[in-house]
Amino acid sequence: MTTATNETEPRHFLDVDDLSEEELFAVLDRADEYKRAVDAGEDHADLSGQTLGMLFQKASTRTRVSFETGMTQLGGHAIFLGEDDIQLGRGEPLKDTSRALSRYVDAVMARVFKHENVEVLAEYSDVPIVNGLTDDAHPCQTLADLLTIREHEGGFEGVSGSEATGGSSNGGFDGVSAVWIGDGNNVAQSFALGCALTDIDLTIATPEGYEVDDAVLERARELGGDPTVTTDPVEAVTDADVIYTDVWISMGQEDERDVRMNDFDGFQVNADLLEHAPEASVMHCLPAHRGEEITDDVIESERSIVFDQAENRLHAQKALLSWLLE
Ligand code: CP
Ligand code: NVA
């Protein structure tokens, strides 16, 4: 919460590159510490008395529950604000909603359609705005993805005090190759930025017309990444460490179902595709549409790390919130 006279500029998290590389690793290391604290049953009420507003224009299971549970575990409180439950749904301008919320809560997490809407929230907010998914980006998902990759693929042994690099030059991601298969959507775009910041070697395989935006690829290169772009899923996954996919029809694209189902033919993550990547772990941000972008047997197989990803949303977001609010 801020008052009218508070002049401190808040930090926002609208996409992954709102964090520097050093800050990103600080958040990941803090997430590791919170994960260990939960496992050990240690008290970590670092946001005691603080409140998170959670604004949702779209459905959610993981984002809603992990943020709310995270605030509880940190000794704070979260308020669910469905668009149709608040005056926003009756036409109150977003900028007024943002300014009013700033006077009550300590941070706002927002899941909206247009990415510009989190930018408007941030412009008018005196407290941190956290992007809980827009049509263009899903940076909280990327935090959890990176944490999961580091645990499973990076040879990272966990944080020890401030010695957080795991003995590796890039904080535990040395030599990891990841492949995105499917739609170059919001999850893919934030993941591309996250891979660039962590030096993960990324290949993106999409059908023609569904590529990650050029501006995102350009930004990834500015951040030191060098993503490979292809339309050939088999070539992309060969010898990969991680294969990551997401739905072919994102929230808001339901009218495009028939066209998309046709266009994504050949991009399913299934047993045949995995034969080309015998060591690869399989990731999915969930919710999954089994039989479309991924098969049931793959998601249920030992190679699937999707529920570790889901769990890591909790730890990563707690770390982000406490880092933004300290
Ligand atoms: N991955 C993810 O953001 O899931 P929800 O839509 O359930 O929040
Ligand atoms: N790309 C999906 C992600 C859901 C978490 C969507 O936007 O619907």
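Indexing begins at 1, ligand by ligand and atom by atom, following the structure's order. Positions are given from 1, in the same order as the sequence printed here. Owing to the predicted nature of the structure, the values given are computational and were not obtained by experimental measurement.
When all heavy atoms of Q189 and D136 are compared, the closest pair comes out as NE2-O, 3.0 Å. Counting all heavy atoms, side chain and backbone alike, A205 lies closest to P233 at CB-CA, 4.1 Å.
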**Report entry** Derivation of the ring pair (Phe, Tyr, Trp, His ring centres under 6.0 Å) call for H44 and Y34
**Finding:** CA-CA 8 Å; H44 51 283; Y34 279 138; 5.3 Å; yes
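For the side-chain hydrogen bond (donor to acceptor under 3.5 Å, both in side chains) criterion with D135, the lone passing option out of K58, K114, Q253 is K58.
A donor-acceptor pair shorter than 3.5 Å cannot be found between the side chains of D32 and H315. Side chains of T63 and R313: a donor on one and an acceptor on the other come within 3.5 Å. Side-chain contact check for T97 and Y124: no donor-acceptor pair (N or O, by modelled atom type) lies under 3.5 Å.
Looking at K58 against ligand 1, nothing comes within 4.0 Å, counting heavy atoms.
Residues with a heavy atom under 4.0 Å from ligand 2: L133, N185, N186, V187, D246, V247, S250, M251, L286.
Using a 4.0 angstrom heavy-atom cutoff, L133 does not count as in contact with ligand 1. Heavy atoms of R313 come nearer than 4.0 angstrom to ligand 1 in at least one pair.
Within the 4.5 Å cutoff, the side chain of C140 has heavy atoms near those of the L320 side chain.
At under 3.5 Å, a nitrogen or oxygen of L286, whether backbone or side chain, sits near a nitrogen or oxygen of ligand 1. Residue R64 places no N or O, backbone or side chain, under 3.5 Å from any N or O of ligand 1.
Under the side-chain hydrogen bond (donor to acceptor under 3.5 Å, both in side chains) criterion, R62 pairs with no residue, sequence neighbours left out.
Counting atoms of ligand 1 from 1 in the listed order, those under 4.0 Å from a heavy atom of T61 are 5 (P), 7 (O), 8 (O).
By the 30° and 60° cut-offs, the orientation of the rings of W180 relative to F191 is tilted.
Taking atom 4 (O) of ligand 1 as the reference point, the nearest protein heavy-atom neighbour is R62 NE, 2.9 Å. Summary of contacts: the protein heavy atom closest to atom 6 (O) of ligand 1 is R111 NH1, 2.8 Å.
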